[in-house]
Protein chains: 2
Amino acid sequence: MINENQYCLARIKTHYVKLSDKEKTIADYILKHPEEIIHTSINQLAEDLGMADSTVFRFCKRIGFKGYQAMKIALASEIVTPIKDIHETINEGDDVRTVSEKVFQSNMKALEDTLQLLVGGSFELAVKTIVNAKRVEFFGSGGSSIIAMDAYHKFIRTGIPVFANSDSHMQLMSASQLGEQDVAVLISHTGTTKDTIQVLGVLKENNVKTIGITNFAKSPLSEEVDIPLYTVAEETDYRSEALSSRIAQLSILDSLFINVMIAREEEGHTSLHKMRNAISIKRM
Amino acid sequence: MINENQYCLARIKTHYVKLSDKEKTIADYILKHPEEIIHTSINQLAEDLGMADSTVFRFCKRIGFKGYQAMKIALASEIVTPIKDIHETINEGDDVRTVSEKVFQSNMKALEDTLQLLVGGSFELAVKTIVNAKRVEFFGSGGSSIIAMDAYHKFIRTGIPVFANSDSHMQLMSASQLGEQDVAVLISHTGTTKDTIQVLGVLKENNVKTIGITNFAKSPLSEEVDIPLYTVAEETDYRSEALSSRIAQLSILDSLFINVMIAREEEGHTSLHKMRNAISIKRM
DNA sequence: TTATATACGAAAAAAATTTTCATTCAAACA
DNA sequence: TGTTTGAATGAAAATTTTTTTCGTATATAA
């Protein structure tokens, strides 16, 4: 009726507050077992939940579908295991093409999962914190120093004073110069890199606001940082999670960058025109 | 009956030869307009095709579904436009969450598209070339030098002598030292970066084998390099293609790396055990 | 307290799906 | 050639599922 399109789960969440008790029961069930609904009739579902078919039907209408069928179809479109077979390990007989597909899919999966976690987390706070920073500095060691340098290249265009250095001694020195109004972004896949943890220590002494990007929630970095952000990358045989994790880190930083740009425009720091120009530059 | 799972379209194709005329008509129709079926009843479909419901029903059974419903659901799961609305531009009213989603989706799309192009192209040759190289060097300038450094970090673990330097003078010097048996990988998003083109000139003089990674087929870099590889990233308002392009570059290099590792194992350079260890290392 | 609205289920109605059965047609066979 | 067999198909019946209608209960506001 109102609308035919996708996004069943999102729609349920949106309408959740407006639902009656019984309807909330239905909503909970669907959110919990969306895959099952797909192969269940309205009778069955109503019976399982101990209510009348019509109650379920009204629920479908309420969240904006033409009926139960329409909801089922939308759900089916939505559920489909996001990117399939991705997690498959690379096997010995695989040809170049197959290996490439698996590598790419693994990277895509990392992005998908990371995004999922990002939107629920403290990402928004991270954006605000950076927008209000007097100065932002990126820290990373080893492979992560490359990500830090990349972030520097991006953020230099926000107009916020930014800095990054791949030398660990310089990093320590630089960290000791930061203050309360500054923000440090620390990148470490494992969250245990000694050099970076050491930098974190200096930063905390100086009350610098800290944002961490890591793959592991239970790590020194993510536990001690003010705002932890997480990548989600899984390891498989013949494929280090570290590879995908870099893609996810990069994307988090992309996202931070664009959001900061937009936020700054809204605060009137820059005109829309200049902003677009800055973002859309071809060469980075 | 036989099976409940996905892959409706594939299944239709598989069974195609065994189908009767009427059934072929149905198959053709579904393959042509899968999205429509989703919102069509079996009656409707039968009528549209000028046949009986039961014929359509039997078709569903024949290709392995429990019935029409089941087929519809499978189709719905399958159709869902791979990653949707991705290309949507970022709008002024978008909140942090929406912007983040768009950024990530844009990156995922870049990977998807890049992979598509990769498998048809000269990627396999690139892998072979690197495997047989005496020495591999990565070149990039500006933002791309970061990608080159990243590649260096990865490939150092292949055991092949690799090198990368972000200073353009050093790059020129280094390029002049390479010879016929060496391979140079040049990275430039636009394919027009002056420094990198200059390096390419030196390399060609020395008959060094060259692999280029760029977003544009009509660019000095991709036209003059021995083996061009392409990223696919589209620009939108408020979102430079350069951002996504880096993710794609990184993934191409990931893929090259893993493939090279595997190829070398097959050539007996390293044991499977050592190889896995090398790839699976947590910290990069 | 009464009126009104909302939530819900029961049952009826409608629609869609699935099954059954009869017919046609063509190939196989006597 | 006539008959049999079996696959393909459609018509109609049976069944299941979905949707609508309507009545009751409960809560809320006047």
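Please read all numbers here as calculations on a predicted model, not as lab measurements. A note on names: the letters A, B, ... follow the listed sequences, proteins ahead of strands, and every chain is numbered from 1.
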* Asked: Could you give the OH-to-P distance, from Y68(B) to dT17(D), as a whole number of Å?
  -> 17 Å
Just jot down the salt bridge (charged side-chain N to carboxylate O under 4.0 Å, His left out) partners of [X], sequence neighbours excluded, or say none.
X	value
D53(A)	none
D226(A)	none
E23(B)	R62(B)

* Which pairs pass salt bridge (Lys or Arg N to Asp or Glu O under 4.0 Å) with one or both residues in residues 25-48 of chain A, sequence neighbours excluded? ->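 For residues 25-48 of chain A, and leaving out neighbouring residues, there are no salt bridge (Lys or Arg N to Asp or Glu O under 4.0 Å) pairs at all.
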* To do: Check ring pair (Phe, Tyr, Trp, His ring centres under 6.0 Å) between H33(B) and all other residues, then give those that pass, not counting sequence neighbours.
  =>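 For H33(B) the ring pair (Phe, Tyr, Trp, His ring centres under 6.0 Å) partners, ignoring immediate neighbours, are Y29(B).
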* Heavy-atom distance under 4.5 Å between the side chains of T214(B) and T231(B), does that happen here? ->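 Not touching, per the 4.5 Å side-chain cut-off.
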Under the side chain to side chain donor-acceptor pair (under 3.5 Å) test, residues paired with [X] that sit two or more places apart:
X	value
S251(B)	N107(A)
Q69(A)	Q69(B)
T98(A)	D95(A)
S222(A)	S219(A)

* **Opening and closing nucleotides of DNA chain C in contact with chain B, under 4.0 Å to non-hydrogen atoms** => dA16(C) to dT19(C)
* Structure fact -> The correct set of residues in residues 17-27 of chain B placing a heavy atom under 4.0 Å from DNA chain D is S20(B), K22(B)
* Asked: By a strict heavy-atom criterion of less than 4.0 Å, which residues belonging to residues 43-59 of chain B are in contact with DNA chain D?
  -> G50(B), M51(B), A52(B), S54(B), T55(B), R58(B)
